[in-house]
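Note that the numbering runs from 1 along the sequence shown for the chain.
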Amino acid sequence: MSESPDQLSQLLKGVAAKDRAAFATLYEATAPKLLGTITRILNNRGWAEEVVHDTYIKIWRKADQFDASKASAITWMVTIARNGAIDELRKQPASRKAPEDELEQLASKEPNAQSQVESQQTVYRLNLCLEELEKDRRDMVRLAYLNGWSRADLATHFDQPVNTVKTWLHRALKQLKGCLTP
């Protein structure tokens, strides 16, 4: 994404005025990020591309509702994208499964018993280490690394500057590494 937050806000203002050139520029600048966000949620690129399309339709229609004093342009757009992806999961979770014959041809990805035990032990240790973090830092790590939130999303959510969020994440990960290292 080569556009600055201020440029994205200006583009959204143009979109609110139904400026197609601003919309095209906004799309070019932000589509990869939104596609990545949606793909992480849906785990299906084709489905994610459909939701990206729907997301930009919503952005076109709701651009006049964007308020730069409440969130950055990209945070506002990612929120629309994430909500759209979650809505899609709720509407049609079963309809996006692979056909039966495809499933039969796939090798089993089930871990063996030893791998399952080791995985469970690792998850248990990680959860113990996460509990040692302050609540805000623990929530921030979970939102960033389990839910795919960007630093800008976290900064908005926790009402902190992006650089503070970056520092907190760095320190939290360092503390987790220290806890997990025998």
Side-chain angles (χ1 to χ4, degrees), residues 1-97 130 133-174:
M1 195 171 68
S2 62
E3 308 294 328
S4 74
D6 288 338
Q7 289 170 318
L8 292 178
S9 291
Q10 289 303 314
L11 289 171
L12 269 175
K13 285 180 185 177
V15 173
K18 303 303 180 204
D19 179 347
R20 291 179 185 269
F23 185 70
T25 303
L26 183 72
Y27 178 87
E28 290 296 318
T30 59
K33 175 153 180 78
L34 297 188
L35 179 61
T37 299
I38 294 168
T39 302
R40 280 192 302 275
I41 294 168
L42 298 179
N43 244 353
N44 179 310
R45 173 128 183 164
W47 193 12
E49 288 172 353
E50 292 173 26
V51 175
V52 166
H53 180 266
D54 294 341
T55 297
Y56 279 98
I57 291 172
K58 288 176 187 168
I59 290 168
W60 175 259
R61 290 180 181 157
K62 296 181 176 188
D64 61 332
Q65 297 175 14
F66 169 68
D67 183 353
S69 68
K70 293 183 180 177
S72 70
I74 194 65
T75 300
W76 183 77
M77 293 172 64
V78 166
T79 301
I80 292 172
R82 185 183 303 111
N83 290 344
I86 292 168
D87 288 347
E88 280 297 307
L89 280 176
R90 288 181 183 141
K91 282 194 295 192
Q92 4 180 324
S95 68
R96 298 296 176 159
K97 293 184 178 171
L130 278 168
L133 297 175
E134 294 176 32
K135 181 179 178 348
D136 282 350
R137 306 312 183 271
R138 179 174 56 241
D139 292 345
M140 191 175 288
V141 167
R142 285 184 171 141
L143 290 171
Y145 297 102
L146 298 178
N147 294 17
W149 284 31
S150 70
R151 289 180 184 149
D153 296 337
L154 294 169
T156 301
H157 181 77
F158 289 95
D159 195 28
Q160 295 292 329
V162 173
N163 285 339
T164 301
V165 167
K166 182 179 175 182
T167 301
W168 286 355
L169 281 174
H170 177 76
R171 288 179 183 162
L173 291 178
K174 190 174 181 180

Checklist line | Which residues share a ring pair (Phe, Tyr, Trp, His ring centres under 6.0 Å) with H157, sequence neighbours left out | finding: W149
Close side-chain approach of [X] and [Y], heavy atoms under 4.5 Å:
X	Y	answer
I41	V51	no
D87	R90	yes
L8	P5	no
T79	N83	yes
F66	V15	no

Next item on the list: With sequence neighbours excluded, tell me which residues meet salt bridge (Lys or Arg N to Asp or Glu O under 4.0 Å) with D136.
Entry: none
Do any pairs count as a salt bridge (Lys or Arg N to Asp or Glu O under 4.0 Å) and have a residue in [range], sequence neighbours left out, and if so which ones?
range	answer
residues 154-167	none
residues 5-17	none
residues 141-153	R82-D153, E131-R142
residues 38-48	R45-E49

Inter-residue atom distance [X].[atom1] - [Y].[atom2], 0.5 Å rounding:
X	Y	atom1	atom2	answer
R61	K18	CZ	NZ	9.0 Å
I59	T30	CD1	OG1	6.0 Å
E88	N44	CD	CG	11.0 Å
M77	T37	CE	OG1	10.5 Å
L42	L89	CG	CG	5.0 Å

Next item on the list: Evaluate the side chain to side chain contact (heavy atoms under 4.5 Å, CB included) criterion for residues W168 and V141: first the C-alpha distance (whole Å), next the side-chain angles of each, then the deciding distance (0.1 Å), finally the verdict.
Entry: CA-CA 9 Å; W168 286 355; V141 167; over 6 Å; no
Note to self: When you measure from the side chain of Q7 to the backbone of S4, do you find a donor-acceptor pair of N or O atoms at a distance under 3.5 Å?
What the structure shows: yes
Next item on the list: State whether the side chain of T39 and the backbone N or O of L35 hold a donor-acceptor pair below 3.5 Å, judged by distance alone.
Entry: yes
Shortest non-hydrogen contact from [X] toward [Y]:
X	Y	value
A152	V162	CA-CG2, 4.2 Å
M140	L169	CG-CD2, 3.7 Å
S9	A73	N-CB, 3.8 Å
K58	G84	NZ-CA, 4.2 Å

With sequence neighbours left out, write down each residue that passes side-chain hydrogen bond (donor to acceptor under 3.5 Å, both in side chains) with [X], or none if nothing qualifies.
X	answer
K135	D139
N43	none
S72	T75

Notebook entry, point to check: Is the number of heavy atoms from other residues, nucleotides or ligands under 6.0 Å of K62 NZ greater than 12?
Noted result: no
Check: Who passes side-chain contact (heavy atoms from CB on, under 4.5 Å) against A81, sequence neighbours left out?
Finding: L34, I38, T55
Next item on the list: Could I get the full list of side-chain contact (heavy atoms from CB on, under 4.5 Å) partners for A24, not counting sequence neighbours?
Entry: none
Item checked: Pair listing, ring-ring contact (aromatic ring centres under 6.0 Å, His included) test, anchored in residues 8-42, at least two apart -> F23-W60, Y27-Y56
